[in-house]
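Report on the structure given below.
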Amino acid sequence: MDAPPRPAAQPSESSAPVPEILEVLEASHDHVFQTPAKRIDDGQDVARFLTSKAYRDIGIFVMQLNRSMCPRKVKDEEGKDKIQTYLIGSEYETQPAESVRRLQQMLATIESFMDEAPPDQGPRRFGNVSFRKWYQILETRVTALLDEHLPASVLRRNSEGGDGRATATVELTAYLLGSFGSAQRLDYGTGHELSFLAFLGCLWKLGAFKDGKPNGDIERNIVLGIFEPYLRVVRRLVVTYTLEPAGSHGVWGLDDHSFQPYIYGSAQLTRAISDTEPMPTEGSLFRAPKPNSIVKSETVEEERKRYMYFSAVGFINDVKKGPFWEHSPILFDISGIKDGWGKINKGMIKMFNAEVLSKFPVVQHFMFGSLFSWDQNPDAPAPEPSVHMANQHIASSSMPPPKLPGGGGTAAPWAKGTTMPPPAGPGLAYSRVPGAFSRPTPRPQPQQPESHPAREAAVHTQAPWAKSSDRPSG
């Protein structure tokens, strides 16, 4: 399925390109559904994934949702300029479109299954085995859940050809079941979060959200009315069943379990734009909490009620103890950025591309069907050699991966200008906390004056994408 042609750009005060929107399939046309299957078996398959239609569509949908969350310049009833923001708990969550409201009910039902599978009280080291009972309940009831909460027009689409068994329900089920962690490994991570994004993307393609308003309104319903409530469910799952992080970099990862709330959450706090302007790459919403305020627990507790970025940080504070710079050094690094939330949002897109979509441990369990297809994207250039592509798992060989020359990540059509620069070594850049952590073969650092880590929240980050382009760092 190729993306639909972009509408012709109308003359405007800005020369910004028209943002791409994920396609919606024609309801009058039959569609060949496929039973989703795993395709990424070793690190070499990641390069193939980065040229697939699924990768293209994931990127388009993320950028579409991201842009919708950026504050807007609008006119009030008297014609005066004002700034419109989109917050947790706003009407996009409490009074959403009917399609979104029904999915909220589905998530509430899924969450209620925890009452039927209380955590086991016996001794355990990793993960609570009662999660398997909870997951089994979800598996046995998932078809009924979809039938109850999705319109027949979505589930009863005609399937032409295919494997004889595949339907819209089969494809949706695979992504929904993949959204809540692994019953086998008793873990949850960014790959499961990616599966939920694909579930929503499938619903978008099948026309489930046609009842919403255009120009970003229904996308805000999706982010604030579905995605944020989904995060609340999985956070309760993680705490109730002590689920392990899946595909995590450990202390050198952004977050043990999530990534996308940092994308949409930083978009909430960027400089306001008009509908014709591009996403800002620097600057912040007027009077927005500063990036370095994430190290202040009182500020986080207050702002997590409104902003997804702070809600995600708040959950970290709920489950981790000790100084923030110690258990979350990458987020602490990012908190020192001086160019505002726009800079952070741009960097989060780069990091998502490099550390989620381009990493074998994260994407290895992603399923491919007809709606998120393994087929080659005809417009995709070959992935450029990079550190990220060189350091991949190879299942068929005990030889180490070949050393490739340095370069950017994949030239994703939706991520032009946002490929993450290669870090100094494997994984992510290390913390700016002087002398607090050691890394294998770290790059030389200039000597830093001794200071308390909490006082360094305003120092520029050493994250590779966070260097200011218009002022010196340090």
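Applying the side chain to side chain donor-acceptor pair (under 3.5 Å) rule to pairs touching residues 134-155 yields Glu116-Arg141, sequence neighbours excluded. The stretch residues 210-222 participates, sequence neighbours left out, in no salt bridge (charged side-chain N to carboxylate O under 4.0 Å, His left out) pair at all.
By the 4.5 Å heavy-atom criterion applied to side chains, Val154 and Leu146 are not counted as neighbours. Taking the side chain as every heavy atom from C-beta outward, Leu186 and Arg132 approach each other to under 4.5 Å. Under the 4.5 Å side-chain criterion, counting only non-hydrogen atoms from C-beta, Ile222 is not in contact with Leu203. You'll find the side chain of Asp256 reaches within 4.5 Å of the side chain of Lys320, heavy atoms only. Side-chain contact between Leu357 and Tyr55 is present, with at least one heavy-atom pair separated by less than 4.5 Å. Inter-residue side-chain proximity for Glu193 and Pro261 is flagged as met; some heavy-atom pair is nearer than 4.5 Å. In this structure, the side chains of Ile337 and Ile334 come closer than 4.5 Å at one or more pairs of heavy atoms. At least one side-chain heavy atom of Ser90 sits less than 4.5 Å from a side-chain heavy atom of Leu224.
Judged as a salt bridge (Lys or Arg N to Asp or Glu O under 4.0 Å), and not counting sequence neighbours, the contacts of Arg101 are Glu98. Residues passing the salt bridge (Lys or Arg N to Asp or Glu O under 4.0 Å) test with Asp120, sequence neighbours excluded: none. Residues satisfying the salt bridge (Lys or Arg N to Asp or Glu O under 4.0 Å) criterion with Arg185, sequence neighbours excluded, are Asp187.
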Next item on the list: Before giving the answer on side chain to side chain contact (heavy atoms under 4.5 Å, CB included), spell out for Leu177 and Met367 the whole-Å C-alpha distance, their side-chain angles and the decisive distance to 0.1 Å.
Entry: CA-CA 11 Å; Leu177 289 177; Met367 307 290 276; over 6 Å; no
Notebook entry, point to check: Given Tyr309 and Met348, is the side chain to side chain contact (heavy atoms under 4.5 Å, CB included) satisfied, shown in steps?
Noted result: CA-CA 11 Å; Tyr309 197 104; Met348 287 297 174; 3.8 Å; yes
Notebook entry, point to check: Would Leu176 and Leu145 count as a side chain to side chain contact (heavy atoms under 4.5 Å, CB included) if you check the C-alpha gap in whole Å, the side-chain angles of each, and the deciding distance to 0.1 Å?
Noted result: CA-CA 11 Å; Leu176 185 60; Leu145 281 172; 5.5 Å; no
Next item on the list: For Gln376 and Arg48, run side chain to side chain contact (heavy atoms under 4.5 Å, CB included): C-alpha distance rounded to whole Å, both residues' side-chain angles, the deciding distance at 0.1 Å, then the answer.
Entry: CA-CA 8 Å; Gln376 182 86 13; Arg48 172 67 177 77; 3.7 Å; yes
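Between Phe332 and Phe324, the gap from one ring centroid to the other reaches at least 6.0 Å. The six-membered or imidazole ring of Phe366 lies near that of Tyr175, with a centre-to-centre distance under 6.0 Å. Taking the six-membered ring where the residue is Trp, the centroids of Phe352 and Tyr262 are separated by 6.0 Å or more.
Salt-bridge check for Asp379 with Arg56: failed, with every basic side-chain N at 4.0 Å or more from each acidic carboxylate O. Using a cutoff of 4.0 Å between basic side-chain nitrogens and carboxylate oxygens, Arg306 and Glu302 are scored as salt-bridged. Ion pairing between Arg235 and Glu228 holds under the 4.0 Å rule for side-chain N and carboxylate O.
Between the side chain of Ser274 and the backbone N or O of Lys73 there is no donor-acceptor pair closer than 3.5 Å. Counting only distance, with no hydrogens or angles, the side chain of Ser358 and the backbone of Asn353 share a donor-acceptor pair below 3.5 Å. Checking side-chain atoms of Gln121 against main-chain N and O of Pro119 turns up a donor-acceptor pair under 3.5 Å. A side-chain donor-acceptor contact under 3.5 Å links Arg67 to the backbone of Asp275.
What you find for Ile40 and Val363 is that their closest heavy atoms are CD1-O, 3.4 Å. Residue Glu171 comes nearest to Pro36 through the heavy atom pair CA-CG, 3.7 Å, listed as atom of the first residue, atom of the second, then distance. Here the closest non-hydrogen pair linking Ile273 and Pro278 is CG2-O, 3.6 Å. Shown here for Asn317 and Val300, the closest heavy-atom pair between the two residues is ND2-CG1, 3.8 Å. A pairwise comparison of heavy atoms in Met351 and Leu254 identifies SD-CD1, 4.2 Å as the closest pair. Scanning both residues, Ile218 and Gly212, for their nearest heavy atoms gives CD1-CA, 3.6 Å.
Partner Tyr86 forms a ring-ring contact (aromatic ring centres under 6.0 Å, His included) with one of Tyr307, Tyr264, Tyr92 and no other, that one being Tyr92.
The cationic group of Lys205 lies under 6.0 Å from the six-membered ring centre of Phe372 and within 45° of the ring axis, placing it in a cation-pi geometry.
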List the atom pairs, donor and acceptor, that lie under 3.5 Å between side-chain atoms in residues 106-115 and the rest of the protein, sequence neighbours left out.
unit_1: Thr109; atom_1: OG1; unit_2: Gln105; atom_2: O; d: 3.0
unit_1: Glu111; atom_1: OE2; unit_2: Arg236; atom_2: NH1; d: 3.4
unit_1: Ser112; atom_1: OG; unit_2: Thr109; atom_2: O; d: 2.5

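Distance check: Glu20 CD to Ile60 CD1 gives 4.0 Å after rounding to the nearest 0.5 Å. Once rounded to the nearest 0.5 Å, the distance linking CG of Asp375 with OG of Ser52 reads 9.0 Å. Atom CZ of residue Phe61 and atom SG of residue Cys202 lie 9.5 Å apart, to the nearest 0.5 angstrom. To the nearest 0.5 Å, atoms CD1 (Ile263) and CD1 (Ile344) are separated by 13.0 Å. Gln64 contributes atom CD, which lies 4.5 Å from atom CH2 of Trp204 (distance to the nearest 0.5 angstrom). To the nearest 0.5 angstrom, Ile349 atom CD1 is 12.5 Å from Thr281 atom OG1.
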